[in-house]
Amino acid sequence: MTPEIINLIFPNPLPTPAEIEAKYPPRQLAEGAKVTRVAPSPTGDMHIGGIYTGLLNERIAHQSNGIFYLRVEDTDQKRIKEGAMELICNSLGRYGIYADEGVDKDGHDYGPYAPYTQSQRKEIYQAYIKDLLEKGLAYPCFCAAEDLDIMRKIQEKTGVRPGYYGKYAKCRNLSDDEILANLKAGKPFVIRFKSMGDNNKRMIVKDLIKGELALPENDIDVIIMKGDGLPTYHFAHAIDDHFMGTTHVFRADEWVSSISLHIQLFVALGWKAPKYGHVAPLQKLDDGKKRKLSKRHDPEASIVYFWEKGYPETALVEYLLNLINASFEDWRRNNPDKNAFEFPVNFNKVSNAAGALFDFVKLNSISKDVIANMSADQVFDAVLKWAHDYNPTFAERLENNRDYVTKILNIERNIGKKSRKDLTKWEDVESDISYFFDDLYRPNSALLSPISESDVRAIANEFIALYNETDDKDTWFSHIKAIAEKHGFATDMKAYKENPTAFKGNVSDVAKVLRVLVTGRDKTPDLYQIMQILGIDRIKKRLLML
RNA sequence: GACCCUAUCAUCUAACGGUUAGGAUACGGCCCUCUCAAGGCCGGUACACGGGUUCAAAUCCCGUUAGGGUCGCCA
């Protein structure tokens, strides 16, 4: 390609490759240290899969005393959304995924390889595109989008592989004169990579997760610079991961078919490609069929969904770790007190199967465990934080009743052992504890059904006569037994089971009357503790409502 | 359609030629018990199918079927 052509393409001065190499020298890394990254696009969405691969990359880097950085892939200017950076940084930060280098929520760079935002690296990309042009490894293409659409349709119709390659790569063999004429005429253009691959040949690639892959060589002359002068993903990936010193790239499965292109790009640039590991995408069951969790169709694909529901951050992290390495749950059982980030992640043991169904049942179970092992104060703070964002009236109630609610949350909370596990997520808390508040308490006498009204009345009245707030639990229960006995309910479960018809019911039915009257529910935590917290006035009022 | 990948309980998975195919979640039962939860104990018709190779196959090979992914001036 003549200098005249190149000057028409890049009229403004650009740094030379040598200058760029000097500005961004290779990293000095300790033995075994790995450099990984998370590279989201600021599109205003944060996919759960992004947290998944982000966590994997972060663990691999930090576990090895390496570097984990954040790069913003904003080369598609059309899709950029305001506030996206804040969402990205918040999402990562919430789950403890900290970048050593990158961009903060205000767009400020930190770290030696800045800028970490691709749109600000235009000159770097262009310098190398110019270099490839000079070396004859790239060329300008003047085909309009409509022409390409037509071409693709023809290819589909005639059953040939779609794409810009071989005889379909019309601009590949344009003469210098033709190029010059087009350029001078101001015809819009893109820059394409001149592929040296042969689609009939296979290249063997070792994927860190999937193992050996036999991929066809890339023979498509992909666009490396778009009409707006910014690079496409593929080219930016090669440039950035080279200069930022990435050693390992763990990314979603959907990139597998691009591996050969990427390696080709690294070869053309004269650099060593990073090691790749491809993770299968999270799936969901839809109409009996598995499919990729999609932002468009599935609210639960977005990380915001988990915030709205109020899943504790640790629960999601543990669930994801569990998907990354199934051995996590064994480790957790053996190390119940350790922080999840102490778990040694092994990328060799990431499942290379088709893709896991995102399992909310399991997430819920993990979440219950996580919450059961938090203190009442911690739970309170987390619920309050959640409520501030998603349930302001509840937040107000919490703030006005901190001690009271903390006591409620402390019922049957025995951290480390046999702790109550009825809370799955913060969203559930309000309805869970509603009966502790008079304005939310709803009597439900229907739950009393098999027990006669006169018995109910008698039980309630007699209990109040006997109730003393200072009684210990045994004394409290002895009153219930006494009432049971008096009204023909069994107090001995064995006796009751042997001859159920001899009794009206048993002591649990008496307790049930009190429970239903006091809480409006037939299933609650320990009734004694509930009554202690509720206080005698509320109990009296509710028992005498009939 | 072409290409790549994958295939073990309902779900996530372990197994890397020799196991009564293991664990977790879910589910069911029993125990405990003032209900529920928790906890303890127990339980279930899982190696997609068909061919090979081998003394021996869930594990290796081939095919079938099924599922997933990719074929953009999106990443």
Side-chain angles (χ1 to χ4, degrees), chain A residues 39-41 43 73-76 78-79 141 143-145 148-149 152 155-156 159-164 188-192 199 202 207 210-211 213-216 220 222-228 230-234 236-237 251-260 278 280-281 283 285 289-292 319 322-323 325-330 332-333 349 351-366 368 372 412 414 417-423 447 473 476-477 480-481 484 493 506-516 519 521-528:
Chain A
S41 293
T43 57
E73 311 225 318
D74 63 342
T75 52
D76 186 357
K78 300 182 293 294
R79 294 202 305 154
C141 167
C143 294
L148 298 175
D149 280 344
R152 198 172 303 119
Q155 287 173 323
E156 274 167 23
V160 302
R161 189 165 49 91
Y164 204 83
F189 65 92
V190 298
I191 305 295
R192 287 186 184 271
N199 188 250
R202 300 286 117 125
D207 186 276
K210 295 176 117 45
L213 263 21
L215 269 13
I220 291 177
V222 293
I223 294 172
I224 53 179
M225 191 182 94
K226 302 185 279 191
D228 63 1
L230 283 168
T232 52
Y233 169 85
H234 309 291
H237 154 56
R251 60 193 351 180
D253 217 341
E254 61 205 68
W255 295 108
V256 167
S257 46
S258 309
I259 300 175
S260 48
H278 291 86
Q283 315 267 325
L285 211 51
K289 283 189 175 180
K290 267 188 177 185
R291 65 164 171 76
K292 194 165 129 181
Y319 176 69
N322 193 58
L323 283 183
N325 282 171
S327 56
F328 174 80
E329 56 194 18
D330 291 326
R332 175 45 89 211
R333 206 176 320 120
K349 287 192 175 166
S351 165
N352 69 340
L357 240 33
F358 194 95
D359 188 355
F360 273 93
V361 176
K362 190 135 185 172
L363 204 217
N364 287 345
S365 160
I366 290 174
K368 279 182 190 175
E412 293 179 81
N414 311 295
K417 53 183 181 203
K418 298 191 175 186
S419 204
R420 190 172 182 83
K421 290 188 192 173
D422 50 1
L423 250 31
L447 296 172
K473 193 169 171 178
W476 171 84
F477 191 54
I480 296 176
K481 274 188 172 169
M493 279 308 272
N506 66 69
V507 71
S508 72
D509 292 313
V510 177
K512 180 181 170 180
V513 170
L514 299 173
R515 169 173 284 111
V516 170
T519 68
R521 303 180 187 189
D522 58 356
K523 292 165 189 169
T524 74
D526 181 64
L527 225 209
Y528 171 76

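In the text below, chain A, chain B and the rest are named by the order of the sequence lines, each starting its count at 1.
Nucleotide B:A14 forms a pair with no other nucleotide shown, judged by Watson-Crick or G-U wobble geometry with both contacts under 3.5 Å. Nucleotide B:A7 forms a pair with B:U65, judged by Watson-Crick or G-U wobble geometry with both contacts under 3.5 Å. With a cut-off of 3.5 Å on both Watson-Crick or G-U wobble distances, the partner of B:G39 is given as B:C31.
Using a 4.0 Å cut-off, some side-chain N or O of A:Ser351 falls inside it from OP1 or OP2 of B:U13. Side-chain nitrogen and oxygen atoms of A:Lys292 include none within less than 4.0 Å of the OP1 or OP2 phosphate oxygen of B:G67. Within the structure, every side-chain polar atom (N or O) of A:Arg333 is placed at least 4.0 Å from both OP1 and OP2 of B:A24.
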message = side chain to side chain contact (heavy atoms under 4.5 Å, CB included) for A:Asn322 and A:Lys362? Distances and angles first, verdict last.
response = CA-CA 10 Å; A:Asn322 193 58; A:Lys362 190 135 185 172; 3.5 Å; yes
inquiry  = I'd like to know whether A:Asp509 forms a salt bridge (Lys or Arg N to Asp or Glu O under 4.0 Å) with A:Lys512, so could you lay out the CA-CA distance, the side-chain angles of the two residues, the decisive distance to 0.1 Å, and finally the verdict.
reply    = CA-CA 5 Å; A:Asp509 292 313; A:Lys512 180 181 170 180; 5.4 Å; no
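In this structure, A:Asn325 contributes its side chain and A:Ser327 its backbone to no donor-acceptor pair below 3.5 Å.
Between the P atoms of B:U59 and B:C41, the separation comes to 34 Å (whole Å). Between B:C47 and B:C62, the two P atoms lie 23 Å apart (nearest whole Å). The gap from the P atom of B:A21 to that of B:A48 amounts to 15 Å, rounded to the nearest Å. Rounded to whole Å, the separation between the C1' atoms of B:G51 and B:G67 comes to 22 Å. Remark: the separation of the P atoms in B:G18 and B:A56 is 14 Å, to the nearest Å. The P atoms of B:U11 and B:A46 are separated by 13 Å, rounded to the nearest whole Å. Rounded to the nearest Å, the gap between the C1' atom of B:A57 and that of B:A15 is 13 Å. Nucleotides B:A26 and B:C12 have their P atoms positioned 15 Å apart, rounded to a whole Å.
If A:Gly159 and A:Thr75 are placed on RNA chain B by their nearest nucleotide, the residue sitting closer to the 5' end is A:Gly159. Mapping A:Asp74 and A:Tyr528 onto RNA chain B by nearest heavy atom places A:Tyr528 at the nucleotide closer to the 5' end.
Considering only side-chain atoms of A:Lys78, the nucleotide from B:C71, B:C74, B:A75 that sits closest is B:C74. Of the listed nucleotides (B:G23, B:C34, B:A37), B:C34 has the atom at the smallest distance from the side chain of A:Trp476. Side chain of A:Asp526, nearest nucleotide from B:C34, B:C4, B:U35: B:C34. In the set B:C36, B:U70, B:C3, the nucleotide with an atom closest to the side chain of A:Glu412 is B:C36. Distances were taken from every side-chain heavy atom of A:Ser365 (C-beta onward) to each of B:A75, B:U13, B:U25; the shortest belongs to B:U25. For A:Arg202, whose side chain is taken as the heavy atoms from C-beta onward, the closest listed nucleotide among B:C73, B:C3, B:A75 is B:C3. Each of B:G23, B:U70, B:C36 was ranked by its minimum atom distance to the side chain of A:Asp330; first place goes to B:G23. Listed nucleotides: B:C34, B:A75, B:U13. Nearest to the side chain of A:Lys226: B:A75. The side chain of A:Val507 lies closest to B:C34 when the candidates are B:G1, B:A75, B:C34. Of the candidate nucleotides B:A26, B:A75, B:A37, B:A75 has the atom nearest to the side chain of A:Arg79.
Within 4.0 Å (heavy atoms only), A:Ala236 reaches no atom of the nucleic acid at all. A:Arg420 comes within contact range of at least one nucleobase, with a heavy-atom separation under 4.0 Å. Among the heavy atoms of the strands, none lies under 4.0 Å from A:Ile480. A:Arg521 comes within 4.0 angstrom of nothing in the nucleic acid, heavy atoms only. A:Lys481 comes within 4.0 angstrom of no nucleic acid atom, judged by non-hydrogen atoms across all strands. Among the heavy atoms of the strands lying under 4.0 Å from A:Pro525 is at least one base atom, whether or not backbone atoms are also near.
Interface remark: the A:Arg515 side chain does not form any donor-acceptor pair with the B:C36 base, using a distance-only criterion of under 3.5 Å. A donor-acceptor contact under 3.5 angstrom links the side-chain atoms of A:Lys362 to the base of B:A24. Side-chain N/O atoms of A:Glu329 and base N/O atoms of B:G23 include a donor-acceptor pair closer than 3.5 Å.
A perpendicular orientation is assigned to the rings of A:Trp255 and A:His234, their planes being inclined by more than 60° (bins at 30° and 60°).
Between A:His278 and A:Asp253, the shortest heavy-atom distance links the atoms CB-CA, 4.2 Å.
Using a 4.5 Å heavy-atom threshold, the side chains of A:Pro231 and A:Met225 count as separate.
Interatomic distance, CG of A:Asp207 versus CG of A:Leu213, reported as 5.5 Å (0.5 Å rounding).
Between the CG atom of A:Asp509 and the C1' atom of B:U35 there is a distance of 10 Å, given to the nearest Å.
For A:Lys226, the NZ atom counts as densely surrounded, since its 6.0 Å shell holds more than 12 non-hydrogen atoms of other residues, nucleotides or ligands.
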